[in-house]
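A short worksheet on the structure shown next.
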Amino acid sequence: MKERAISKRFFDDSWKRSSYCGYIPSPGENGGDVVLNGWLRRRRDLGGIIFIDLWDHTGTVQVVLGPDMGPAYEQAKSLRNEFVLAIRGKVRKRPEGTENPSLLTGDREVLAEDLLVLSPSRPLPFEMSEADRVDENLRLRSRYLDLRRPFMQNNLRLRSRAAEFTRSYLSSEGFVEVETPMLTKSTPEGARDYLVPARVTPGRFFALPQSPQIFKQILMVGGMDRYYQIVKCFRDEDLRADRQPEFTQIDIEMSFINEEDITSLMEGYMKGLFQSILGEALDVPFPRLSWHEAIDRYGSDKPDLRIRSEILDLDAVFSGSSFDAFKKILDQGGVVRGLRLPGGASLSRKEISDLEARAKELGAAGLAPFAFKEGGLKGPLVKFLSEEEQVRLIAVSGMQEGDILLAASGPWRETCEVLGHLRLETGRRSSQVEEDAWAFLWVTDFPLLEWDDDEQRWSAVHHPFTSPNLEDLELLSSDPGKVRSRAYDLVLNGTEVGGGSIRIHDPAVQQRMFEVMNFTPERARERFGFLIDALSSGTPPHGGIALGFDRLVMLLCGAHSIRDVIAFPKTQKAQCLMSGAPSDVDPVQLSDLHIALDLSEEGKRCGSGGEE
RNA sequence: GGGGUUGUAGCUCAGUCGGUUAGAGCGCCGGCCUGUCACGCCGGAGGUCGCGAGUUCGAGUCUCGUCAGCCCCGCCA
C-alpha cells in the first residue's frame with residue numbers, strides 16, 4: 001500500500017450517512033442532499049469522469065465523480081476496490097438511457113460533491129465478484145472479506161432473525177433463559193471432551209460442555225419449570241459438512257410433561273419459524289416413524305422423505321430360491337433387502353460396479369443387480385430364481401421396464417443402512433429429491449441401550465438419564481437390547497435437526513439403569529454424584545430437546561455446510577485458518593499449569609448438530 | 001485411524017507422450033479515455049508448479065512420502 005498522508009479531516013457527524021446505499025431515496029421522493037458511507041465495490045474510470053459502485057449490506061448505488069467536484073476529484077482518481085468512503089452529494093435521476101435495471105437503485109445515482117477516504121484497502125487476496133468460486137481455504141483465511149459477500153450477509157442476518165424468533169416464541173410459551181457454565185465437569189460416555197486446565201487447580205481439568213444436559217435437568221429439580229438457552233456446545237470429534245467442534249444448540253427442558261408436550265411445542269415452533277423467516281406454511285403435526293420402521297423402510301434413523309423410494313423386503317422372494325449365499329443368511333436370521341432405481345437399467349457396467357464398491361465400503365458383502373429390460377430380468381443371480389420367483393420379485397419391488405433392483409443381504413440393520421446410503425446417494429444424483437419440500441418427521445422408540453463390544457457392557461444410545469419406555473421395564477433385566485427408550489429425534493430433509501427424551505425422574509429407575517450399564521455405585525457417584533443427589537431430592541417428571549441451530553439455519557438458507565452459517569468456522573481439522581488457533585503457547589503458560597508436553601508420537605503440530 | 005479428491009502468478013484456470021524461455025482471463029503498477037455499470041484501449045511487473053525425497057540425460061508432468069482444503073467411512077451417548 002502506498003504511503004498516504006494522514007487526512008486532517010475526520011469522521012465527524014457531518015460525514016455520517018443520511019441513507020444506506022440500498023435505500024437511497026428516489027429523486028422524486030426525497031432526493032437532494034445525501035451522505036453515504038460504504039465500501040467501494042467497483043470503479044470505472046473513464047478519464048474525465050469516474051463511476052463507483054458504493055456498497056453496504058443494504059445494497060449498491062452508483063456514485064458519479066466528475067471534475068466539477070473540485071479538489072476531491074484528484075483524490076477520486078486514487079480510489080481502489082474496497083476502500084471505505086464517505087461521500088457527500090446529490091441524488092438525481094440517471095440521464096435517459098443510462099439506467100441499470102440489474103441494480104435495485106439503478107434508476108438513480110449520486111453526484112458526488114465531496115469525498116472522504118475513511119480507510120484504504122490493500123489489494124485483496126480475492127475479488128468480491130468471484131468470491132463464490134474461490135477456494136474455501138482462502139475464504140476462511142480472509143473471513144472478513146468473505147463476510148462482505150451478499151451470500152454470507154444473508155445467512156448471518158437470517159440466523160439472527162431465527163434466533164430472535166426463537167427467543168420470542170419460547171419466552172411467550174413461558175420459558176426462562178438460564179445460562180449454564182462453560183467451565184464444567186468432564187462426563188464419561190459420549191464424545192471426547194475439550195479440556196481446560198487452570199493455574200489454581202493444578203492437575204485437574206475443566207471440560208467444555210458437550211451439551212448442558214446435566215445442568216438443565218438440575219434446573220428442573222430446582223423448580224425452573226421451563227428452561228431454554230441458545231448455547232455453544234463442544235465436541236472433540238472428527239468433522240463433517242454439518243459438524244463443527246463448537247456448535248450452537250437451542251436447548252430446552254420442561255417439567256411435568258410427556259412426549260406430546262415436546263412434540264406439539266416443537267411443531268408450533270417450526271411452523272412459526274418457517275412462517276416468519278420464509279413465509280412458508282408447514283403442515284403439522286409432523287409424521288412419526290418408530291426407529292425400527294425408519295431403519296427398515298429407509299435404512300436410516302434420519303430418513304430423507306423427499307425421496308419417495310423405500311427399501312424393499314425381499315426375504316420371501318429369496319427364502320425358497322436356490323441361491324445359497326442368500327438362503328444361508330436368511331437361515332441365520334439375516335435379511336435380503338432391495339432398492340429399486342427407476343430407469344436404472346440403463347446404468348453402465350462401470351456405474352453398477354461403482355455402486356457395488358460403495359456398498360462394500362459401507363460394509364455390505366456385495367450387491368446383486370437385477371435389471372428389468374427387454375421384458376425380463378437380467379443379472380448374474382437371475383438363473384437362481386424360478387420363473388415364479390422372478391414374477392414375484394417384479395411384483396414385490398414394483399419394477400417397471402427400464403428399472404434396476406439392487407439386492408443386498410446380511411444382518412438386518414447393516415443391510416438396511418447400506419441400502420439407505422445408496423438410496424440417498426442415487427436419489428440425489430438422479431434428482432429424485434423434491435427440492436422445495438420441507439420433509440419433517442419425528443423418529444421415536446429408539447433402543448435404550450446398545451452393546452459396547454470394546455467395553456463389554458451395555459451403554460446408553462442417547463444418554464444414561466433417558467427414561468425407558470415403562471412398558472419395557474421388565475426387559476431391562478431379561479433383554480436390555482430390546483428396551484425402547486422415550487427418546488425422539490426431529491428430522492428435516494434427511495438432517496437430524498433435534499433430539500431429546502423424557503428423563504428418568506425416579507431414583508430407583510436411575511439406579512437400575514446404572515446397574516444394567518455396569519456402573520458401580522462408586523463410579524456413578526464419582527461421575528454424576530451431584531446429579532444423583534439432585535434427582536433424589538424431589539425431581540419433577542421432565543424432558544426436553546435440543547435443536548441443532550446451525551443445521552436448522554443451514555437448511556433455512558439453502559446452504560450446504562454449516563460453515564456457511566457460522567461467522568468464524570473451523571476446518572475439518574478443527575483449525576481456525578484466520579486466527580491460527582489452536583497454536584503453541586508460551587512455555588511459561590504451561591509451567592503455570594504444571595503441564596509438560598509429550599509429543600514424541602504425534603510430532604510437533606498437530607466433529608455437530610442437535611443431538612443432546 | 002481409513003478411502004476419495006484438489007493443490008501451477010494475488011484470484012480462477014490451461015499446460016499434449018517426461019523435452020528448449022510455464023501460459024490465459026481477472027486483479028496489481030504505469031499511460032490514454034466525460035455516461036460507464038464485468039467500461040474500453042496500450043504497455044509493464046508478477047512463478048519455491050504445496051513441501052521433501054526418488055526415477056531419469058532431463059520432472060509442473062512419473063513414483064514414494066508429507067502438509068493443507070473439501071467429501072465420505074469409522075467416530076460424534
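So you know, we letter chains A, B, ... as the sequences are listed, proteins then strands, and number each from 1.
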message: Quick check on B/rG69: is either OP1 or OP2 less than 4.0 Å from any side-chain nitrogen or oxygen of A/T571?
response: yes
task: Respond yes when some side-chain nitrogen or oxygen of A/R141 is under 4.0 Å from OP1 or OP2 of B/rA68, and no when none is.
output: no
Distances under 3.5 Å only, N/O to N/O: pair up the protein atoms with those of nucleotides 24-28 of chain B.
from, atom 1, to, atom 2, distance (Å)
B/rC26, O2', A/E127, OE1, 2.8
B/rC26, O2', A/E127, OE2, 3.1
B/rC26, O2, A/E127, OE2, 3.3
B/rG27, O4', A/E127, OE2, 3.1

- request: Pick base, sugar-phosphate or nothing for A/E417, based on heavy-atom distances below 4.0 Å to the nucleic acid.
  value: nothing
message: Looking at A/R358 and B/rG4, is any side-chain donor or acceptor paired with a base atom of the opposite kind under 3.5 Å?
response: no
N/O (side chain, A/Q572) to phosphate O (OP1/OP2, B/rC71) under 4.0 Å: yes
- request: Provide the distance between the two P atoms, one in B/rA22 and one in B/rC67, to the nearest whole Å.
  value: 31 Å
- prompt: Would one find a side-chain N or O of A/H560 under 4.0 angstrom from OP1 or OP2 of B/rC70?
  reply: no
Distances under 3.5 Å only, N/O to N/O: pair up the protein atoms with those of nucleotides 43-46 of chain B.
none

message: Over all strands shown, is A/D135 touching base, sugar-phosphate only, or nothing at heavy-atom distances under 4.0 angstrom?
response: sugar-phosphate
query: Looking only at atom C1', what distance separates B/rG23 and B/rG46, rounded to whole Å?
result: 13 Å
query: Quick one: do A/E522 and A/R525 make a salt bridge, cutoff under 4.0 Å?
result: no
- request: Provide the closest heavy-atom pair for A/T98 versus A/R94 in the form atom of the first, atom of the second, distance.
  value: O-NH1, 2.9 Å
Is_stacked (A/F51, B/rU36) at 5.5 Å, 30 deg: yes
message: Tell me every residue that passes side-chain contact (heavy atoms from CB on, under 4.5 Å) with A/S409, counting only those two or more places apart in sequence or in another chain.
response: A/F326, A/I329, A/V336
Counterpart residues, ring pair (Phe, Tyr, Trp, His ring centres under 6.0 Å), relative to A/H292 (two or more places apart): A/W412
Closest listed nucleotide, where the reference is the side chain of A/E136 and the choices are B/rC11, B/rU36, B/rC70: B/rC70
- prompt: Using the P atom in both, what is the distance from B/rA68 to B/rU63, to the nearest Å?
  reply: 22 Å
- prompt: Is the phosphate of B/rC39, meaning OP1 or OP2, less than 4.0 Å from a side-chain N or O of A/R44?
  reply: yes
task: Look at the side chain of A/D238 and the base of B/rG74, then say whether one donor and one acceptor between them are separated by less than 3.5 Å.
output: yes
query: Partners of A/Y20 by ring pair (Phe, Tyr, Trp, His ring centres under 6.0 Å), sequence neighbours excluded?
result: A/Y23, A/H57
- prompt: Nearest to the side chain of A/R243 - B/rG74, B/rU36, B/rC76?
  reply: B/rC76
field: Sequence-distant partners of A/F514, ring pair (Phe, Tyr, Trp, His ring centres under 6.0 Å), two or more places apart
entry: A/F519, A/F528
query: Looking at residues at least two apart in the chain, or sitting in another chain, which of them share a salt bridge (charged side-chain N to carboxylate O under 4.0 Å, His left out) with A/E259?
result: A/R486
task: Select base, sugar-phosphate, or nothing to describe what A/I50 touches, counting heavy atoms under 4.0 Å on all strands.
output: nothing
- request: Look at A/R563 and B/rC71 and indicate whether a side-chain polar atom (N or O) is within less than 4.0 Å of OP1 or OP2.
  value: yes
message: Between B/rU61 and B/rA45, how many Å separate the two C1' atoms, rounded to a whole number?
response: 28 Å
A/W451: ring pair (Phe, Tyr, Trp, His ring centres under 6.0 Å) partners, not counting sequence neighbours: A/W458
Can you give me every donor-acceptor pair (side chain of residues 45-52 of chain A, partner residue at least two apart or in another chain, under 3.5 Å) with its distance?
from, atom 1, to, atom 2, distance (Å)
A/D45, OD1, A/G47, N, 2.9

query: Is it the case that more than 12 heavy atoms not belonging to A/L104 sit under 6.0 Å from its CG atom?
result: no
